[in-house]
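First comes the structure, then the notes that go with it.
Protein chains get the first letters and strands the later ones, always in sequence-line order, with residue 1 at the start of each.
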Number of protein chains: 2
Amino acid sequence: MPSMKDVAQIAGVSVSTVSRVINNSIPVDKRTRLRVEKAIRKLHYKPNLLAKGLRMRSGGIIGLVVPEIIHQTFVNFIHYVEEQIVDHGFDLILGNTNEDPEKEERFIDSLIRRNVDGIIFSRVSDQSRVFKILEKTNIPVVVVDRFLEKEHIPSIVLNNYKAGILAGSHLMSLDHKNIACITGPLNIALCRERLKGFKTILSENGILLPSGFIYEGDFKFESGIYAIKKFLSDGIKITSIWAQNDMMAIGALKELNKNHIRVPGDISLIGMDNISSSEMVTPSLTTIIQPFQEMCQKAVQVILNHIHKKEITLNRIVLEPSLIIRESTRPLKR
Amino acid sequence: MPSMKDVAQIAGVSVSTVSRVINNSIPVDKRTRLRVEKAIRKLHYKPNLLAKGLRMRSGGIIGLVVPEIIHQTFVNFIHYVEEQIVDHGFDLILGNTNEDPEKEERFIDSLIRRNVDGIIFSRVSDQSRVFKILEKTNIPVVVVDRFLEKEHIPSIVLNNYKAGILAGSHLMSLDHKNIACITGPLNIALCRERLKGFKTILSENGILLPSGFIYEGDFKFESGIYAIKKFLSDGIKITSIWAQNDMMAIGALKELNKNHIRVPGDISLIGMDNISSSEMVTPSLTTIIQPFQEMCQKAVQVILNHIHKKEITLNRIVLEPSLIIRESTRPLKR
DNA sequence: TTGTAAGCGTTATCAT
DNA sequence: ATGATAACGCTTACAA
């Protein structure tokens, strides 16, 4: 690979001049600029990014930390973050922590040592020790899909409370009164928020959500299956269910099918996330959409603002979910 | 961030000694080594990777090029490649080309300028100009899921012909004789291979696959829907279908459901890829498994071999598909 | 407008 | 066994 030196030699100038031409930082004489550009073309010269990054203390890289790769939510984050990032001339280093604090720490470490320009986390735990490490680096950081109570770190979150409201309202608008909920892990705040919104809107309309009507799952397909098994063996009478993500909703659908309970004929079903399978299954799922693309846009924006020393976002940015009605919900027949 | 200089100062040695301790390249006196290590711990010192990469002409990075991110096949590649790579101490830079040659070129360019240690492609086109560029760099390169005819670049591919054989054999073992196929884009070699295997095994058993029984799709959900619409409007009589990926199979399933054609009651259905939805739908899909993990392992292995100057793989490595039987196929009733 | 030279944080060569 | 020193390829005062 040719270096600036080579270009300088061919153009008959010094390396600083070449640098100036490339970054057009300082005015350069038209004629010499032309000579330099010609040399650059001739050699197919491209500045080395490590040298540049080393010198500028800025690697031209954004790190994205996900707790899992094979999971549509994070695939969305990866997709949209990549899209945003390359648009702004950065490269993306992807790291999967597998929820392992040690892997997480190693990855963050590596990012710091690469002079990254920013780090985007999706769904870290409050406990995560990495924030302590990052505090002393002034590397721009943002958390997506999770609000950290204690830390003063900007986060982009969904209005999960509202999601619960949307699900509940829709079901009630269809006249359902016997309603169940399959939640995600309740040690995750966003699951509690969703449930809270759901409960609130129901109770405001005089509908109770007994604890037996709530099944705590883990966001996986199997949870949906177990939930239905539980509901069935408990013999509770319900006409509708909200599952806090599509995966569990589809699990529920599968188990309902197996027991010859029709959706939406006997039971209306709502999911959340709008994963691709949600419109592929029969019946297609009524679900709640998270604006993933917008979340990632905001996340990258927060980083860029920080880099350019504009307003540093210290609070949270809240985005709104929306309902998409498909085939799995219908008015209660009397 | 502290540098070697800081460590050296505290330990009262020169930077070279610090470097030696870290890389234990050359023997260092036990006592000085201890002093240095203490200083390192005290400062939480970690070598800067850009400086190291610049000096060593090796960035400690592997680039992964995918044509698309939101697509289970590539999600698999991303997942397994990441897994492999960090195991070997590299970081992963991910680039999505969106099938756009210009984006592809920019990405490769960026990788080269970062002194990457290897590049893994998934499914590039034969036309791709980047290989010309890469030829002069002697950066290890490997292609997954695609065999490049012309170039002498190692590739990891599936035995797609065999996949066709597996699908056909399974259907015939269930006594099916009226068989249709929904293919991927036939300008992609692997689709032609799959079809060829399928046709071959059928004809060896005296079963014809008339052109009207073949629908050329594009691997997307909608293709499955259109295929069924076409078969139905053409009025062809079939009892089983192989779709060359699960996405299209699920589309077909959806459209069959809509037309009250039962799977597997009226029609047996096979997919390919074993995407997560394939066991979530009802009936769960009989499908063909690609050993994605193994493919990625081999890919990384090829890169590592090249790096360590061991045997440089110049040929293709072929891996075998396997059949997993679930609910969507059953013996033909007479 | 241009060149010289120092510095970013390493590793590697050559002395000592 | 250890230390200077050059070099990796770039940017940026400072000089000219």
Side-chain angles (χ1 to χ4, degrees), chain A residues 1-37 39-40 43-61 89 109-117 137 139, chain B residues 1-37 39-40 43-61 89 109-117 137 139:
Chain A
M1 291 282 100
S3 76
M4 268 193 173
K5 219 172 176 177
D6 304 312
V7 176
Q9 206 144 41
I10 290 200
V13 297
S14 73
V15 285
S16 22
T17 305
V18 177
S19 173
R20 285 170 195 134
V21 168
I22 288 175
N23 304 300
N24 41 12
S25 36
I26 293 179
V28 164
D29 185 88
K30 202 133 195 178
R31 292 169 16 88
T32 58
R33 140 160 278 134
L34 250 43
R35 285 218 313 286
V36 170
E37 281 168 345
I40 288 179
L43 293 178
H44 296 290
Y45 167 75
K46 300 278 174 64
N48 179 293
L49 294 175
L50 296 188
K52 182 169 185 165
L54 177 60
R55 175 65 226 238
M56 312 258 301
R57 297 184 143 67
S58 144
I61 285 183
D109 208 74
S110 179
L111 291 180
I112 296 175
R113 298 160 66 193
R114 291 208 132 81
N115 298 8
V116 288
D117 298 287
T137 67
I139 294 175
Chain B
M1 292 281 98
S3 75
M4 269 192 173
K5 220 174 176 175
D6 304 310
V7 176
Q9 206 144 40
I10 289 201
V13 295
S14 72
V15 286
S16 7
T17 305
V18 177
S19 174
R20 284 172 195 131
V21 169
I22 288 176
N23 303 301
N24 43 11
S25 36
I26 293 179
V28 166
D29 185 88
K30 202 135 195 178
R31 293 167 18 84
T32 58
R33 140 160 278 135
L34 250 42
R35 287 217 314 287
V36 170
E37 281 168 345
I40 288 179
L43 294 178
H44 296 288
Y45 167 75
K46 301 280 174 59
N48 180 294
L49 294 174
L50 295 189
K52 182 168 184 162
L54 176 61
R55 179 63 227 241
M56 314 254 308
R57 296 186 148 66
S58 142
I61 286 183
D109 206 75
S110 179
L111 292 179
I112 296 175
R113 297 161 64 192
R114 290 205 131 82
N115 297 6
V116 289
D117 298 288
T137 68
I139 294 175

Q. Which nucleotide sits closest to the side chain of B:Met4: C:dT11, C:dT4, D:dA1?
A. C:dT11
Q.
So if I take every side-chain heavy atom of A:Ser14 and compare against C:dT4, D:dC10, C:dT10, which nucleotide ends up nearest?
A. C:dT4
[X] [atom1] - [N] [atom2] separation (whole Å):
X: B:Leu54; N: D:dA6; atom1: CG; atom2: C1'; value: 13 Å
X: B:Ile26; N: D:dT2; atom1: CD1; atom2: P; value: 11 Å
X: A:Arg57; N: D:dT11; atom1: CZ; atom2: C1'; value: 12 Å
X: B:Met1; N: C:dT10; atom1: CE; atom2: P; value: 11 Å
X: B:Leu49; N: C:dT10; atom1: CG; atom2: P; value: 9 Å

Q | Nearest-0.5 Å distance that lies between atom CG in A:Asn48 and atom CG in B:Asn115 | A | 5.0 Å
Q: Answer yes or no: side-chain N or O of A:Ser16 and base N or O of C:dT4 forming a donor-acceptor pair under 3.5 Å.
A: yes
Q: Measure distances between side-chain N and O atoms of A:Arg20 and base N and O atoms of C:dG3, and say whether any donor-acceptor pair falls under 3.5 Å.
A: yes
Q) Is B:Ser25 touching bases, backbone alone, or none of the nucleic acid, heavy atoms closer than 4.0 Å? A) nothing
Q.
Mind checking if B:Lys46 touches a base, just sugar-phosphate, or nothing, with heavy atoms under 4.0 Å?
A. sugar-phosphate
Q) In a check of side chain to side chain contact (heavy atoms under 4.5 Å, CB included) between B:Arg20 and each of B:Ile26, B:Thr32, B:Val15, B:Val13, which one passes? A) B:Ile26
**Q.** Residue met sooner reading DNA chain D from 5', once B:Arg55 and B:Gly12 are mapped to nucleotides
**A.** B:Gly12
Between [N] and [X], is there an OP1 or OP2 to side-chain N/O distance shorter than 4.0 Å?
X: B:Asn48; N: C:dC8; result: no
X: B:Thr17; N: D:dT2; result: no
X: B:Ser19; N: C:dT11; result: yes

